[in-house]
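The first residue of the sequence shown is numbered 1, and numbering continues consecutively from there.
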Amino acid sequence: MRLKYLRKQKGISQLKLAMDLSLNQNSISRYETGEREADYALLIKFADYFDVSVDYLLERTDNPEMNR
């Protein structure tokens with residue numbers, strides 16, 4: 001998942017992302033390392049937060065734009 005890349009590109013810490021999404025920093029770390037997988041609802045939260053598509057997050061496409 002491109003979570004770490006997007007977070008760093010936006011210049012925010014794991015803690016900031018966790019606080020913004022009502023998660024804990026440890027969970028963000030696990031999602032970034034692939035130790036844990038996000039469920040459908042959380043994938044949507046991440047996509048909305050970074051304004052990218054879920055497919056882009058999951059590396060199914062290199063196009064970050066969402067189709068609405």
Side-chain angles (χ1 to χ4, degrees):
M1 186 165 34
R2 289 185 164 122
L3 185 59
K4 184 175 184 177
Y5 169 78
L6 290 167
R7 179 182 60 76
K8 288 190 174 257
Q9 189 177 42
K10 198 167 183 169
I12 60 172
S13 67
Q14 287 181 345
L15 183 58
K16 165 85 169 118
L17 177 59
M19 289 171 48
D20 288 349
L21 297 178
S22 301
L23 300 169
N24 66 53
Q25 183 270 328
N26 202 22
S27 292
I28 298 297
S29 176
R30 288 185 174 133
Y31 292 128
E32 286 186 354
T33 62
E35 195 175 321
R36 188 172 182 183
E37 291 186 3
D39 64 15
Y40 182 73
L42 188 54
L43 283 172
I44 291 171
K45 275 187 175 182
F46 286 143
D48 287 347
Y49 185 87
F50 291 109
D51 196 29
V52 297
S53 69
V54 171
D55 281 343
Y56 182 76
L57 268 177
L58 296 175
E59 299 179 20
R60 292 174 45 105
T61 182
D62 290 329
N63 181 2
E65 294 180 20
M66 288 188 276
N67 295 324
R68 293 186 188 219

Distance check, rounded to the nearest 0.5 Å: [X] atom [atom1] versus [Y] atom [atom2]?
X	Y	atom1	atom2	answer
K16	L21	NZ	CG	9.5 Å
L15	D20	CG	CG	9.5 Å
I12	M19	CD1	CE	11.0 Å

Can you tell if the side chain of Y49 reaches within under 4.5 Å of the side chain of L3, non-hydrogen atoms only?
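No, side chains not in contact.
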Measure the shortest side-chain to side-chain distance between Y56 and E65 over non-hydrogen atoms and say whether it is less than 4.5 angstrom.
no
Where do [X] and [Y] come nearest, in terms of heavy atoms and distance?
X	Y	value
A47	V54	CB-CG2, 3.8 Å
R7	L17	CD-CD2, 4.1 Å
M1	L43	SD-CD2, 3.8 Å
F46	L57	CB-CD1, 3.5 Å
T61	R2	O-NH1, 2.7 Å

With E32, the side-chain hydrogen bond (donor to acceptor under 3.5 Å, both in side chains) member among K4, Q14, K8
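Passing option: Q14.
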Does Q25 have more than 12 heavy atoms from other residues, nucleotides or ligands lying within 6.0 Å of its CD?
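Atom CD in Q25 is crowded, with more than 12 foreign heavy atoms closer than 6.0 Å.
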